[in-house]
There are 2 protein chains.
Amino acid sequence: MPGNYRPPKTAVTPQQLYRLIHAIYVMLDDGDRRVLREFNLTLSQYRVLRRLDREKGQRLTTLSRRLLFAKSTITRIIDQLESEGLVQRTLDAEDRRAWRVVLTPAGEELLTRAREAHERAVQERLNGAFDSEEGREQFSALLRTLHDYLVEDLRARKSNHRTG
Amino acid sequence: MPGNYRPPKTAVTPQQLYRLIHAIYVMLDDGDRRVLREFNLTLSQYRVLRRLDREKGQRLTTLSRRLLFAKSTITRIIDQLESEGLVQRTLDAEDRRAWRVVLTPAGEELLTRAREAHERAVQERLNGAFDSEEGREQFSALLRTLHDYLVEDLRARKSNHRTG
DNA sequence: GCGCAATCGTTGCGTCTGCAACTATTCTAG
DNA sequence: CTAGAATAGTTGCAGACGCAACGATTGCGC
């Protein structure tokens, strides 16, 4: 092993940032699952429902791209949600290969309740961490910088990539 | 990137922060898997190897608590890593129920290579997002605030909780 | 119009993960 | 010392997910 050079601790390495983000995610995720379990929803199902609420009548492929899930995963999530009467596949008038997925009234109702509980839980945790509006804003701005960069990065990479 | 959308919002809601964190995580995770696949490692295996490198001779239960995995999951990850000769279970002199898991030379060697590639990939993405050291430091400080709060929150919750 | 590539969604299969139940060992109360 | 609780780790089982292969439909080039 070559010399153990340890740089002065002033500089923040990307790895440190990364580890923090990962650790934070794992903890938030853990909390999410606890909340959503009360509504018989997995995190993935919840994400799909929210997505469908924001944009009505999406195709499965669109969902898979937006949520970074394999197409087959979306098929199965929609299968489940449909069997529980929360969403419905409807014909796509323009393309007979495709489905348009919409929320049913029951789906909207459940989403409303689940979201309310989920957001309350999120609120508690994040508000507890940042007591000042200023801190939250700073944090939000930096997160958005990173987010937008990654989106751009991903889009660039997509040119030579293929989804399953 | 088309039109630089500036949110009219004055107040930052916790949900916005949360969505950003989630989206960022999904993208980072996606990139990770791509890199680690070249070393035949899942992200979980990689995390376990790193953890074992930092603290030698850990118990399975300790790993499961540190990494927020179920005990059974750790058992299987160690099984795999051991069958590939990357780690080894050794007897715990003080407790005959427990194992002490250590990296083998092959495990250390693979970890070194995988980490090098992984960290380079992380570096590219995060350095690309924040060009100034100042931005990184600010971001790091805020992430740490949130991280520490969540750790504390989790610890408090643990009192009445049980792991599988 | 015709044939071939691309795209939409589904299915088979393997892997990863958590939960619950279990054995073996250690700890604790009396 | 002993009985029962607690803890370390494993295993059975089921759910969630990705990848590859597939049929159906659409779009493109000629």
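Throughout, a chain's letter reflects where its sequence line sits, starting with A, and its residues are numbered from 1. For the numbers below, each heavy atom of this structure counts, side chains included, while hydrogens, waters and symmetry mates do not.
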Problem - B/Gln80 side-chain N/O to C/dC16 phosphate OP1/OP2 under 4.0 Å - result: yes
Problem - Short side-chain N/O contact from B/Ser72 to OP1 or OP2 of C/dG18, under 4.0 Å - result: no
Fill in the blank from the handout: In numerical order, the residues of residues 45-60 of chain B whose heavy atoms come under 4.0 Å of DNA chain D are B/Arg59, B/Leu60
Problem - Integer-rounded Å distance: D/dT10 C1' and B/Glu82 CD - result: 13 Å
Problem - Atom CZ of B/Arg50 with >12 non-hydrogen neighbours under 6.0 angstrom - result: yes
Practice task
Give a yes or no on whether a salt bridge exists between B/Asp79 and B/Arg89, defined as a side-chain N under 4.0 angstrom from a carboxylate O.
Solution key: yes
Practice task
State, without any angle test, whether A/Gln88 and A/Glu82 hold a side-chain donor-acceptor pair at a distance under 3.5 Å.
Solution key: no
Handout entry: Those residues of residues 84-104 of chain B lying under 4.0 Å from DNA chain C by at least one heavy atom
Key = B/Asp95, B/Arg96, B/Arg97
Fill in the blank from the handout: Nearest heavy-atom approach of B/Ser140 to A/Leu20 is O-CD1, 3.8 Å
Practice task
Return the orientation label for the A/His118 and A/Tyr46 ring planes: parallel under 30°, perpendicular over 60°, tilted otherwise.
Solution key: perpendicular
Practice task
Please tell me which of the listed nucleotides, C/dC8, D/dA8, D/dG18, lies nearest to the side chain of A/Arg76?
Solution key: D/dG18
Handout entry: Rounded distance (Å) that lies between atom C1' of D/dG15 and atom CZ of A/Phe69
Key = 14 Å
Problem - Side-chain (A/Gln16) to main-chain (A/Thr13) donor-acceptor, under 3.5 angstrom - result: yes
Handout entry: For B/His22, all residues meeting ring pair (Phe, Tyr, Trp, His ring centres under 6.0 Å), sequence neighbours excluded
Key = A/Tyr25
Handout entry: B/Glu55 atom CD: more than 12 heavy-atom contacts under 6.0 Å
Key = yes
Handout entry: Value in whole Å for how far the P atom of D/dC19 lies from CG of B/Asn40
Key = 14 Å
Problem - N or O in side chain of B/Arg37 less than 4.0 angstrom from D/dC19 OP1/OP2 - result: yes
Exercise for the section: Spell out, as yes or no, whether a donor-acceptor pair under 3.5 Å connects the side chain of B/Thr90 to the backbone of B/Arg100. Expected result: yes
Exercise for the section: May I have the distance from B/Ile78 (atom CD1) to D/dG9 (atom P), rounded to whole angstrom? Expected result: 10 Å
Problem - Separation of atom CG in A/Asp79 from atom P in C/dG9, rounded to whole Å - result: 12 Å
Practice task
Check the distance between C/dT10's P and A/Lys71's NZ and give it to me in whole angstrom.
Solution key: 10 Å
Practice task
Starting from C1' on C/dT17, measure out to CG on A/Leu43 and report it in whole angstrom.
Solution key: 14 Å
Practice task
Remember a base hit wins even if backbone is also touched, and classify B/Thr61 as base, sugar-phosphate or nothing at under 4.0 Å, heavy atoms.
Solution key: sugar-phosphate
Completion exercise
Whole-Å distance, A/Leu68 CG to D/dC17 P, equals 13 Å
Practice task
For C/dG18, take OP1 and OP2 only and decide whether either is under 4.0 Å from a side-chain N or O of B/Thr73.
Solution key: yes
Practice task
Could you grab the distance from atom CD1 of A/Ile74 to atom CD1 of A/Ile77, nearest 0.5 Å is fine?
Solution key: 5.0 Å
Exercise for the section: Would you mind classifying the nucleic acid contact of B/Arg33 as base, sugar-phosphate or nothing, using non-hydrogen atoms under 4.0 angstrom? Expected result: nothing
Exercise for the section: Could you tell me whether B/Ile77 contacts a base, only the sugar-phosphate backbone, or nothing, with contacts defined as non-hydrogen atoms closer than 4.0 Å? Expected result: sugar-phosphate
